[in-house]
Chemist: 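Input: one structure, supplied below.
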Amino acid sequence: MSFTADDHLYMSRALQLAEQGLYSTQPNPRVGCVIVKDGKIVGEGAHLKAGEPHAEVFAIKQAGNAAKDATAYVTLEPCSYTGRTPPCTHALLEAGIAKVIAAMVDPNPLVAGSGLAHLQANGIETASGLMQAQASALNSGFISRMSRNLPFLRCKIAASLDGKTALNNGASQWITSEAARLDVQHWRARSCAILTGIGTVLSDNPSMTVRDLQTNRQPLKVIVDSRLQTPIDAKILQSGNILIAFAQSNPQKEAQLLAAGAQVLCIPNDAGKVCLKTLLRHLASCEINEVLSEAGEGLNGALMAQGLIDEVLLYCAPKIMGSTAKGLFAMPELTQMSQAIHLDIIEMRQIGVDIRLRAKLVLTTNHAH
């Protein structure tokens with residue numbers, strides 16, 4: 001079906017509304033809805049928090065009687081099952097909506113086309129695929145969890161112009177400017193979990209919390225710590241909501257960390273290290289959609305080598321740190337250029353004096369999920 005310029009305008013507005021839930025809807029997707037009648041917007045809504053009404057319900061309520069014979073633009077296919085809230089398809093039918101245009105079909109196997117099919121079977125005209133790329137980008141984590149049983153992993157790195165992330169002695173504060181560090185807070189706030197390695201905990205003693213932003217929730221903090229070396233007085237433990245994944249049992253240390261309020265999870269691989277894919281699958285089972293990895297070259301390299309990174313978020317500072325400083329990804333040596341991992345740059349912008357690059361991994365045959 002071909003969509004008009006007006007259709008694009010109304011769906012753009014629905015996507016804008018959906019973005020209001022960027023920091024708060026987890027584990028639910030971010031969804032916006034606009035109801036239009038006779039060329040005028042009569043109702044708008046956004047889903048802001050799990051357990052609260054969905055976008056369609058808010059928009060219908062605002063539209064009132066004007067919803068009859070109107071068109072609803074919604075960024076994600078309306079749900080057709082009862083979860084924490086009643087199905088939205090019922091609300092749309094009851095309101096007398098004549099047509100529903102969805103940006104994308106819901107990747108949730110419980111819905112996956114059945115919402116639109118239910119509306120159609122009950123006489124509502126439906127269409128989907130309008131501004132699908134934008135809608136998908138807004139819910140990359142939810143889509144990943146529903147379709148692959150893995151969260152969407154964004155690997156954030158601050159580096160010098162010569163690709164270094166820390167001096168040889170471990171010092172890394174601060175490579176980038178304050179503006180870049182503030183920008184990182186937005187990525188933290190939209191993530192369900194922040195992932196780091198024991199090396200970063202020991203060298204930087206970070207808190208890994210969202211600060212300088214209004215947010216009603218803090219992401220889960222996850223430490224990959226094979227030998228349970230996390231100090232009991234580490235800053236990262238102080239704000240609670242933490243999971244430590246380890247590989248080598250140490251009952252005494254486990255007890256201390258549990259007493260400090262941490263959850264611990266033993267998931268060794270054959271090499272006696274934490275099995276990273278199992279960890280990500282575990283996070284998906286806990287309804288974690290987006291993970292922001294903020295780690296050093298060791299964990300970054302392991303994630304990259306195992307094909308677990310979906311997007312690289314690189315802040316590049318106008319500094320030179322020299323060849324003995326630590327790199328971005330500690331990986332086995334490549335001997336042919338054909339072994340290089342390919343990226344597709346999807347966004348590039350200046351933040352203060354630094355440059356922020358976003359790149360997606362190009363899946364080649366030798367690098368598949």
Side-chain angles (χ1 to χ4, degrees), residues 153-185 187-188 191 194-208 221-231 234-236 244-247 269 271-274 276 279 291-335 337 339-343 345 348 351-359 361 367:
L153 182 69
R154 193 175 274 119
C155 178
K156 172 249 146 182
I157 308 175
S160 60
L161 203 56
D162 54 345
K164 301 300 177 182
T165 55
L167 298 177
N168 199 26
N169 64 10
S172 66
Q173 290 170 328
W174 297 102
I175 294 172
T176 51
S177 65
E178 200 169 331
R181 299 201 299 276
L182 179 61
D183 189 68
V184 171
Q185 299 303 319
W187 297 99
R188 279 188 185 177
S191 303
I194 295 169
L195 176 69
T196 195
I198 182 60
T200 300
V201 173
L202 294 175
S203 65
D204 296 352
N205 195 17
S207 306
M208 297 277 180
K221 297 175 292 291
V222 184
I223 306 174
V224 175
D225 180 8
S226 292
R227 301 200 299 276
L228 286 178
Q229 295 170 282
T230 301
K235 273 191 202 161
I236 200 165
I244 300 174
F246 68 103
N269 63 14
K273 296 202 161 143
V274 169
L276 297 173
L279 173 58
V291 174
L292 183 68
S293 147
E294 297 194 45
E297 62 173 4
L299 182 54
N300 287 348
L303 289 165
M304 183 64 88
Q306 292 173 42
L308 297 172
I309 295 174
D310 296 299
E311 183 177 301
V312 174
L313 181 66
L314 177 67
Y315 293 85
C316 194
K319 292 177 182 167
I320 304 288
M321 289 166 59
S323 61
T324 58
K326 296 180 190 296
L328 305 174
F329 299 97
M331 286 166 64
E333 185 183 346
L334 307 183
T335 52
M337 279 306 293
Q339 297 169 319
I341 290 167
H342 292 257
L343 301 170
I345 295 175
M348 189 163 88
I351 308 255
V353 297
D354 306 311
I355 289 170
R356 185 184 80 191
L357 273 180
R358 285 174 62 208
L361 265 76
H367 176 91

Chemist: Could you tell me the separation between the CG atom of Asn269 and the CG atom of Leu279, rounded to the nearest 0.5 Å?
Modeler: 11.5 Å
Chemist: Might you point out which heavy atoms bring Phe246 and Ser226 nearest each other, and give the distance in Å?
Modeler: CB-O, 3.7 Å
Chemist: Just to verify, what does Glu297 make a salt bridge (Lys or Arg N to Asp or Glu O under 4.0 Å) with, not counting sequence neighbours?
Modeler: none
Chemist: Please enumerate all residues that pass side chain to side chain contact (heavy atoms under 4.5 Å, CB included) together with Ala359, with sequence neighbours excluded.
Modeler: Leu343, Ile345
Chemist: Out of curiosity, Met304 CE to Leu328 CG, how far, rounded to the nearest 0.5 Å?
Modeler: 9.0 Å
Chemist: Asp204: which residues meet the salt bridge (Lys or Arg N to Asp or Glu O under 4.0 Å) condition with it, sequence neighbours left out?
Modeler: none
Chemist: Donor-acceptor check, side chain of Asn205 to backbone of Ala234, threshold 3.5 angstrom: yes or no?
Modeler: no
Chemist: Please list, one pair per line, the donor and acceptor atoms closer than 3.5 Å that link side chains of residues 317-324 to other protein atoms, with sequence neighbours excluded.
Modeler:
residue, atom, partner, partner atom, Å
Lys319, NZ, Trp174, O, 3.1
Lys319, NZ, Ile175, O, 2.7

Chemist: Atom NZ of Lys156 and atom OG of Ser293: how far apart are they, to the nearest 0.5 Å?
Modeler: 9.0 Å
Chemist: Answer yes if the side chains of Thr176 and Asp354 hold a donor-acceptor pair under 3.5 Å, and no otherwise.
Modeler: no
Chemist: Return each pair, listed once, that meets salt bridge (charged side-chain N to carboxylate O under 4.0 Å, His left out) where at least one residue sits in residues 157-185; pairs must be two or more places apart or across chains.
Modeler: Asp183-Arg356
Chemist: Without swapping roles, check the side chain of Gln229 against the backbone of Asp225 for a donor-acceptor pair under 3.5 Å.
Modeler: no
Chemist: Check side chain to side chain donor-acceptor pair (under 3.5 Å) between Arg188 and all other residues, then give those that pass, not counting sequence neighbours.
Modeler: Glu294
Chemist: Just how far is it from atom CG of Leu276 to atom CG of Leu308, taken to the nearest 0.5 Å?
Modeler: 6.5 Å
